[in-house]
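A short worksheet on the structure shown next.
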Amino acid sequence: MEAGGWGFLAGFALLIGAAVGFFVRVRPKVLASVMAFGAGVLLSAVSFELVAEAHERAGIVPVVVGSLAGAVLYTAGNVVLARRGARHRKRSGGRQPSEEQQPGSGNAIALGALLDGVPESVVIGTSMLAGGAVSVVTVAAVFISNVPEGLSSAAGMRRAGRGRGYVFGLWMAIAVASGIAAMLGYGLLGSAPDEVVAGITALAAGAILAMVADTMIPEAFEDAHLLIGLITVVGFLLAFALSSSGA
């Protein structure tokens, strides 16, 4: 249950971001900045928490195999959903289709949000396997990155004409699913060999890295300004500092 609670907490950040994105008219440059910051945080978490942890557990082979498998699975799922209207689910501008423009796009966006959120939540659960305590860095990284994700996506949903019931119902469902995924990550892998845990951790890392490159970075540079690169590095270094502190 503890793992589920941490997973739900990280997922709840999507609701916080969605509330801001839906009710507040945020300037495009501000959206680009917060998304760049979130991307930097996740890139650091993938590098120093997930991939490094998997390598320490079982070596390079599970890392390579798991990461590639995660990227392939995420990309395949994303391609299918993109064809059904979910390609721009994290875009704040007018790129998200309405239900009238593309019937079924609402369901595709919901599934896309689930596809984005599950790998992050699984690694929150697996982070508890080593010593029974959750990795504060992993939870913080997912929480911090989820705020701009929810903000940008909700802004785009509002522009596409989707109501608050759909938007907040979706993100609440994803937050609950995040808690369940974290519980499964902890419960199902508790007695698994190190190679299996490392492979699953790397699989999630590969999926997250593919997600950052496919959905977060494009939004960050949609309305790029000269500070985007710097902001991304600040997010990266913040997560690295947390990781180095041993949290």
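Reckoned from all heavy atoms, side chains included, excluding hydrogens, waters and symmetry mates. What you are looking at is a predicted structure, and each value in this text was computed from that prediction instead of being measured.
- Annotation: the span from His55 atom NE2 to Thr201 atom OG1 amounts to 14.0 Å, rounded to 0.5 Å.
- Listed by first and then second residue, the ring pair (Phe, Tyr, Trp, His ring centres under 6.0 Å) pairs that reach into residues 95-124 come to none, sequence neighbours excluded.
- For the atom pair Ser121 OG and Asp116 CG, the distance stands at 11.0 Å (nearest 0.5 Å).
- Checked against side-chain contact (heavy atoms from CB on, under 4.5 Å), Ala210 has the following partners two or more places apart in sequence or in another chain: Ala71, Tyr74, Thr75.
- For the pair Met211/Leu115, no side-chain contact is recorded, criterion being any heavy-atom separation below 4.5 Å from C-beta on.
- A donor-acceptor contact shorter than 3.5 Å is absent between the side chain of Ser243 and the backbone of Phe240.
- Take Ala192 and apply the side-chain contact (heavy atoms from CB on, under 4.5 Å) test, not counting sequence neighbours, and it matches Leu189, Val196, Val197.
- In this structure, OG1 on Thr138 lies 10.5 Å from CG on Leu42, to the nearest 0.5 angstrom.
- Between Ser47 atom OG and Phe236 atom CZ the span is 5.0 Å, to the nearest 0.5 Å.
- The minimum heavy-atom distance linking Pro148 with Gly38 is given by the pair CG-CA, 4.1 Å.
- Pairing each heavy atom of Ala36 with each of Thr232, the nearest pair is CB-OG1, 3.3 Å.
- Partners of Ser44 by side chain to side chain donor-acceptor pair (under 3.5 Å), not counting sequence neighbours: none found.
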Run Asn146 and Glu120 through side chain to side chain contact (heavy atoms under 4.5 Å, CB included) and show every step you take. CA-CA 10 Å; Asn146 275 347; Glu120 299 171 343; 3.3 Å; yes
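- Residues satisfying the side chain to side chain donor-acceptor pair (under 3.5 Å) test with Ser67, not counting sequence neighbours, are none.
- Counting heavy atoms from C-beta outward, Arg84 and Leu111 have side chains that stay 4.5 Å or more apart.
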Return a table of donor-acceptor pairs under 3.5 angstrom between the side chains of residues 166-176 and protein atoms on other chains or two or more places apart.
residue: Tyr166; atom: OH; partner: Gly106; partner atom: O; Å: 2.6

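- With sequence neighbours left out, Ser145 forms a side chain to side chain donor-acceptor pair (under 3.5 Å) with no residue at all.
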For residues 5-22, please give each side-chain donor-acceptor pair under 3.5 Å, one per line with the distance, not counting sequence neighbours.
residue: Trp6; atom: NE1; partner: Glu2; partner atom: OE2; Å: 3.4

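- Using a 4.5 Å cut-off between side-chain heavy atoms of Ile, Leu, Val, Met, Phe, Trp and Tyr, with links allowed through other members, Leu50 and Leu237 fall into the same hydrophobic cluster.
- Of all heavy-atom pairs spanning Met35 and Met216, the tightest one is CG-O, 3.2 Å.
- In this view, Ala198 and Ala54, Arg57, Ala58, Pro62 satisfy the side-chain contact (heavy atoms from CB on, under 4.5 Å) rule, not counting sequence neighbours.
- Between Val46 and Val212 there is no side-chain heavy-atom pair separated by less than 4.5 Å.
- Note: Leu226 CG to Lys29 NZ = 8.0 Å, rounded to the nearest 0.5 Å.
- Phe37 belongs to a hydrophobic cluster whose other members, connected by ILVMFWY side-chain contacts under 4.5 Å either directly or through intermediates, are Val41, Ile144, Leu227, Leu230, Ile231, Val234, Leu238.
- Under the 4.5 Å side-chain contact rule for hydrophobic residues, Phe23 and Met157 share a cluster.
- Through side-chain heavy atoms spaced under 4.5 Å, either directly or across other Ile, Leu, Val, Met, Phe, Trp or Tyr residues, Val61 is tied to Ile60, Val64, Val65, Leu68.
- What you find for Pro119 and Ile208 is that their closest heavy atoms are CB-CG1, 4.0 Å.
- Residues that satisfy the side chain to side chain donor-acceptor pair (under 3.5 Å) test with Arg162, not counting sequence neighbours, are Glu99, Ser105.
- Within the 4.5 Å cutoff, no side-chain heavy atoms of Leu184 are placed close to those of Val122.
- Hydrophobic clustering of Ile, Leu, Val, Met, Phe, Trp and Tyr side chains at less than 4.5 Å, counting indirect connections, keeps Leu203 apart from Met183.
- The backbone N or O of Glu149 sits nowhere less than 3.5 Å from a side-chain atom of Ser153 that would complete a donor-acceptor pair.
- Leu114 and Val142 fall within the same hydrophobic cluster, defined by Ile, Leu, Val, Met, Phe, Trp and Tyr side-chain heavy atoms under 4.5 Å apart, directly or through other members.
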